[in-house]
Amino acid sequence: MTALTYHPTSPRRRAHPGRGDVVYPAYWIAATALIGAALLGVPLGQPAAVAGATLVFIGGGLPHGAYDIALLRRSVALGRSGMGLAVGGYAAIALLMVVLWMTVPLVALVLFLAVASVHFGEDWQMLEEPLLRFAAGAAVIAAATIGHPAEVSALFVAMSDPRAAVIAQIITAAAPVALLVTAIGIAAAWRDGSRHWAAAMALCFALLLVLPPVAGFALFFVFLHSPRHLAQTRVVLRDMTLGRWLGTGALLSSLAILGWCTVRAIAPWRFEPIIVAQAFQLLASVAVPHLMLSRWLEGRLSAAPSSEEKTLTA
Ligand SMILES: CC1=C(/C=C/C(C)=C/C=C/C(C)=C/C=C/C=C(C)/C=C/C=C(C)/C=C/C2=C(C)CCCC2(C)C)C(C)(C)CCC1
Ligand SMILES: [Fe+2]
């Protein structure tokens, strides 16, 4: 992994050389283990393996959004009522997304995929062009879909309704363009010094293409996307004790799961999605406030660069 340091650059360049080049050894270990399992013929697409991958992406991925409110508190001074408003607003937006899943699941699915593309595109801070970043974000979905159209289509349908198969078809049609644009993004990231990230993402896209979709997604989400967030967050919240850091992650992630289970138990649902579909619906629900907050915080930081930003955006 590369140290989280700031690289000074020309004031006209948005992206800093080597910026965002954060990959931990755990990623290479997990990727190697998955390749080994696939070569040994482990059935990674079977229900038990999908359930395992679901546990991994919920347990390992959910905590990375748990510090959103703590980050907000570092950015603006919040009194008691301000805190209540922030937490309430965050939970209300997530709840609104849950209501969308209940009432218009197809709209929720389209919104989820769009939000995910923008959010995963934020990992590509080394790319200056917003369209390149969006394509790179969308390529995570595109690679899994073009590699396993039937499985992804079935998952989309399980999350929403039978018309979702058309969405999988549209993504399959658009996938070559997204992947081609992303290849340019990878080359640019490599050229500009973010070599660990470029190599890790190139391998991840290849694995998303060949491995069953939930396994490939768990690898990306838990070992590439979340650690980047967590590393940046830890820099800002460095004075949090380890106990409080772990406690916040565990508590808020558990609350999000508990909230999901409560709503599922008391609200009238028209359908009963399988567990992996529900796990993606839960992610989608917290993804919306997570994206809104991360964009707002980034906007504030770029409007008022501070010494903290120098480390935060490294
Ligand atoms: C603070 C707070 C809280 C918590 C929170 C949290 C914990 C968050 C998290 C957040 C997060 C954690 C986010 C995430 C995001 C994610 C995403 C955005 C994802 C995406 C994905 C996708 C898009 C996928 C796709 C697919 C499918 C679905 C199938 C298969 C294939 C594929 C892979 C393609 C609460 C609510 C309790 C309360 C208030 C405050
Ligand atoms: Fe995230």
Side-chain angles (χ1 to χ4, degrees), residues 45 50 53-54 57-73 83-95 97-98 108-123 137-149 151-160 164 167-168 171-172 175 204 208-209 211-222 224-230 232-233 248-260 262 273 276-295:
V50 172
T54 304
F57 82 67
I58 284 293
L62 209 50
H64 89 267
Y67 305 93
D68 284 351
I69 300 291
L71 283 177
L72 181 70
R73 283 184 75 185
M83 254 307 268
L85 211 68
V87 174
Y90 195 106
I93 295 169
L95 198 64
M97 191 64 192
V98 178
L109 179 67
V110 173
L111 185 64
F112 171 47
L113 296 174
V115 162
S117 302
V118 174
H119 186 52
F120 294 156
E122 287 177 337
D123 287 341
V140 172
I141 302 163
T145 311
I146 203 171
H148 300 270
E151 286 97 322
V152 172
S153 181
L155 269 167
F156 285 178
V157 169
M159 290 167 73
S160 57
I167 295 173
I171 296 173
T172 309
C204 194
L208 276 161
L209 274 170
L211 292 179
V214 183
F217 173 73
L219 175 71
F220 162 74
F221 192 57
V222 175
L224 282 175
H225 176 79
S226 298
R228 279 181 51 86
H229 269 266
L230 286 172
Q232 293 172 343
T233 304
T248 304
L251 180 72
L252 286 170
S253 303
S254 310
L255 275 179
I257 297 173
L258 199 73
W260 174 263
T262 310
V276 58
Q278 285 195 43
F280 277 119
Q281 288 175 325
L282 163 60
L283 270 195
S285 306
V286 282
V288 177
H290 178 62
L291 170 78
M292 287 167 78
L293 210 76
S294 71
R295 287 195 80 81

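Heads up: numbering here begins at 1 and tracks the sequence. For ligands, and for the atoms within them, numbers begin at 1 and follow the listed sequence.
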Out of Phe156, Trp260, Phe280, who gets a non-hydrogen atom closest to atom 24 (C) of ligand 1? Phe280
For Gly65, the atoms of ligand 1 under 4.0 Å from one of its heavy atoms are 6 (C), 8 (C), 9 (C), 10 (C)
Parallel, tilted or perpendicular: which describes the rings of His64 and His225, with under 30° parallel and over 60° perpendicular? perpendicular
Looking at Ala116, which atoms of ligand 1 are within less than 4.0 Å of one of its heavy atoms? 18 (C), 20 (C), 23 (C)
CZ on Phe112 to NE2 on His119, rounded to 0.5 Å: 10.5 Å
When every non-hydrogen atom of Pro149 is compared with those of Ile146, the smallest separation belongs to CD-O, 3.5 Å
For atom 15 (C) of ligand 1, the closest protein heavy atom turns out to be Ala287 CB, 3.4 Å
Taking only heavy atoms of Gly61 into account, list the atoms of ligand 1 that are under 4.0 Å away from them. 12 (C)
Vertex the Fe ion (ligand 2), rays to NE2 in His290 and NE2 in His119 - rounded to 10°: 90°
With distance as the sole test, does Ser117 use its side chain to make a donor-acceptor pair with the main-chain N or O of Gly137 at under 3.5 Å? no
Measuring from non-hydrogen atoms of Ala94 to any atom of ligand 1, is the shortest distance under 4.0 Å? no
For His290 against Asp68, the heavy-atom pair lying closest together: ND1-OD2, 2.8 Å
Rounded to the nearest 0.5 Å, the OG1 atom of Thr248 sits from the CD1 atom of Ile69 at a distance of 11.5 Å
Protein heavy-atom partner closest to atom 37 (C) of ligand 1 - residue, atom, separation in Å: Leu252 O, 3.5 Å
Protein residue, atom and distance nearest to atom 13 (C) of ligand 1, heavy-atom basis: His290 CD2, 3.6 Å
What are the atoms of ligand 1, with element, lying closer than 4.0 Å to any heavy atom of Leu255? 37 (C)
Between side-chain atoms of residues 277-284 and protein atoms elsewhere (two or more places apart, or another chain), which donor-acceptor pairs fall under 3.5 Å?
{"from": "Gln278", "atom 1": "OE1", "to": "Trp260", "atom 2": "NE1", "distance (Å)": "3.1"}
{"from": "Gln278", "atom 1": "NE2", "to": "Pro273", "atom 2": "O", "distance (Å)": "3.1"}
{"from": "Gln281", "atom 1": "NE2", "to": "Met159", "atom 2": "O", "distance (Å)": "2.8"}

Measuring from atom CZ of Phe221 to atom CG of Leu62, what distance do you get when rounded to the nearest 0.5 angstrom? 7.5 Å
In this structure, the Fe ion (ligand 2) sits at the vertex of an angle between NE2 of His64 and NE2 of His229 that rounds to 10° as 110°
Protein heavy atom at shortest distance from atom 32 (C) of ligand 1: Ala144 CB, 4.3 Å
Any Ile141 heavy atom less than 4.0 Å to ligand 1: yes
Please round to the nearest 0.5 Å and tell me the distance separating atom CG of Leu71 and atom OG1 of Thr233. 4.5 Å
Shortest non-hydrogen pair, Ala108 vs Met97, comes out as O-CE, 3.4 Å
So, does Tyr67 sit close enough to ligand 1 that a heavy atom of it is under 4.0 Å from the ligand? no
Would you name the heavy atoms of Ile93 and Pro289 that are closest together and state the gap between them? CG2-CD, 3.8 Å
Where is the tightest heavy-atom contact between Ser226 and Gly61, given as atom of each residue plus distance? OG-CA, 3.6 Å
Quick note on ligand 1: atoms under 4.0 Å from a heavy atom of Phe112 include exactly 19 (C), 20 (C), 21 (C), 22 (C), 23 (C)
When distances are taken from atom 11 (C) of ligand 1, the protein heavy atom at minimum range is Val286 CG2, 3.7 Å
Please confirm whether Val115 comes under 4.0 Å of ligand 1, counting heavy atoms of the residue only. no
Atom CG of Leu224 and atom NE2 of His229: how far apart are they, to the nearest 0.5 Å? 12.0 Å
Heavy-atom pair of closest approach, residues Leu109 and Ser160: CD2-OG, 3.7 Å
CD1 on Ile141 to CD1 on Ile167, rounded to 0.5 Å: 11.0 Å
A student checking ligand 1 against Ile69 at a 4.0 Å heavy-atom cut-off should list atoms 1 (C), 40 (C)
Select the closest option to atom 38 (C) of ligand 1 among Ala91, Ala70, Ala279, Ala66, judged by heavy-atom distance. Ala91
Met159 touching ligand 1 at heavy-atom level, < 4.0 angstrom: yes
Closest protein heavy atom to atom 7 (C) of ligand 1, given as residue, atom name and distance to 0.1 Å: Leu62 O, 3.6 Å
Judged by non-hydrogen atoms, does Phe221 sit under 4.0 Å from ligand 1? yes
Interfacing atoms of ligand 1 (cut-off 4.0 Å, heavy-atom, His64): 12 (C)
Among Phe120, Tyr90, Phe220, which one puts a heavy atom closest to atom 40 (C) of ligand 1? Tyr90
Run the numbers for me: atoms of ligand 1, each under 4.0 Å from some heavy atom of Leu155, listed by number. 29 (C), 30 (C)
When you measure from the heavy atoms of Val214 to every atom of ligand 1, does any distance fall below 4.0 Å? no
